[in-house]
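Note that these values count all heavy atoms, side chains included, but never hydrogens, waters or copies made by symmetry. Predicted model, so just to flag it, every value in this text is computed and none were measured.
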Amino acid sequence: MMAMDALQAIMSRRSVRSYTGSPFPRQQLRQIVSAGMQAPSAHGSSTWRFLTITDRAAMRGIIPYSPWWGLLDKAGALIVVCTDPKGYTNISHEFQVDGCAAAMENMLLAAHALELGGVWLWVCPGESNYNQVKSYFHIPDGVELVGMLAVGEPGKLPEQTERFDAEKWFEESWGNTAHTV
């Protein structure tokens, strides 16, 4: 298999919400997590922590916590992304979350480059499922759950769409959309 180039991966990646149920090699999961660890983080702090789940029963256990998580029934893996601020008092909470978000996008792109599908599953503090997921996976107090990724062999692939919107691109000053290219 020949890996796609970075721009091709970025432009063609879509959220995959349908999986075949087939497992994929642990080495690919390691590559995906490794790609997450290549993401930028404030002051190189790398406060992220990744919990990978490949046990289908464990993934199914959180399906009742969200009406959108039924896809975990056939995903090959779940990657739970957290930030552990312990020892990083000089790194703001926002920067820690930003680093985790960058890691998650890297992992989604890596999965896509490996011809796997992936989707970001949102989990936010204040939502009822936040504490349920933390408790279910025994995530310690002081460690913040930032989000999760479902990854696996794609079932149905979403349609490729062009998302560029010139009205959302301003040049030189806010509101100026006079683009020449």
Could I get the full list of ring pair (Phe, Tyr, Trp, His ring centres under 6.0 Å) partners for Trp68, not counting sequence neighbours?
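With neighbours one apart ignored, the set is empty.
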Rounded distance (nearest 0.5 Å) linking atom [atom1] of [X] with atom [atom2] of [Y]:
X: Arg49; Y: Ile139; atom1: CZ; atom2: CD1; answer: 12.5 Å
X: Ser135; Y: Leu145; atom1: OG; atom2: CG; answer: 12.0 Å
X: Arg13; Y: Gln160; atom1: CZ; atom2: CD; answer: 10.0 Å
X: His93; Y: Asp98; atom1: NE2; atom2: CG; answer: 9.5 Å
X: Arg56; Y: Thr54; atom1: CZ; atom2: OG1; answer: 9.0 Å
X: Leu116; Y: Met107; atom1: CG; atom2: CE; answer: 13.5 Å

[X] side-chain N/O to [Y] backbone N/O, donor-acceptor pair under 3.5 Å:
X: Ser92; Y: Phe95; value: yes
X: Gln38; Y: Asn106; value: no
X: Arg14; Y: Thr161; value: yes
X: Glu127; Y: Asn129; value: no
X: Asp84; Y: Val143; value: no
X: Tyr136; Y: Ala58; value: yes

Can [Y] be reached from [X] by stepping across I, L, V, M, F, W or Y side chains whose heavy atoms are under 4.5 Å apart?
X: Ile62; Y: Val119; answer: yes
X: Leu51; Y: Leu29; answer: no
X: Met148; Y: Tyr130; answer: yes
X: Phe137; Y: Trp48; answer: no
X: Ile79; Y: Val16; answer: no

Provide the closest heavy-atom pair for [X] versus [Y] in the form atom of the first, atom of the second, distance.
X: Ala111; Y: Gly117; value: CB-O, 4.5 Å
X: Pro85; Y: Gln96; value: CB-OE1, 3.2 Å
X: Glu105; Y: Trp120; value: N-CZ3, 4.5 Å
X: Gly99; Y: Ala39; value: O-CB, 4.5 Å

Worked check of side chain to side chain contact (heavy atoms under 4.5 Å, CB included) between Ile63 and Leu71
CA-CA 8 Å; Ile63 290 174; Leu71 56 86; over 6 Å; no
Ignoring hydrogens and angles, state whether a donor on the side chain of Thr47 or Ser45 is under 3.5 Å from an acceptor on the partner side chain.
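On atom types as modelled, these side chains do not qualify, holding no pair under 3.5 Å.
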Check the side chains of Glu153 and Thr20 for a donor-acceptor pair under 3.5 angstrom, ignoring hydrogens and angles.
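Glu153 and Thr20 do not have a side-chain donor-acceptor pair below 3.5 Å.
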Taking the side chain as C-beta and beyond, is there a heavy-atom pair between [X] and [Y] under 4.5 Å?
X: Pro125; Y: Glu144; value: yes
X: Glu171; Y: Thr177; value: no
X: Val146; Y: Trp122; value: no
X: Trp69; Y: Val123; value: yes
X: Val33; Y: Thr52; value: yes

Could you walk me through whether Leu121 and Leu78 pass the side chain to side chain contact (heavy atoms under 4.5 Å, CB included) test, one step at a time?
CA-CA 10 Å; Leu121 303 176; Leu78 175 68; 4.0 Å; yes
Positive for side-chain contact (heavy atoms from CB on, under 4.5 Å) with Phe50, one of Ile32, Val81, Leu149, Val80:
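Of the listed options, the one satisfying the test is Val81.
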What's the verdict on side chain to side chain contact (heavy atoms under 4.5 Å, CB included) for Asp73 and Arg60, showing C-alpha distance, side-chain angles and the deciding distance?
CA-CA 6 Å; Asp73 185 49; Arg60 285 183 181 136; 2.4 Å; yes
Does Glu115 form a side chain to side chain contact (heavy atoms under 4.5 Å, CB included) with Phe24? I'd like the steps, not just the answer.
CA-CA 11 Å; Glu115 298 180 359; Phe24 61 92; over 6 Å; no
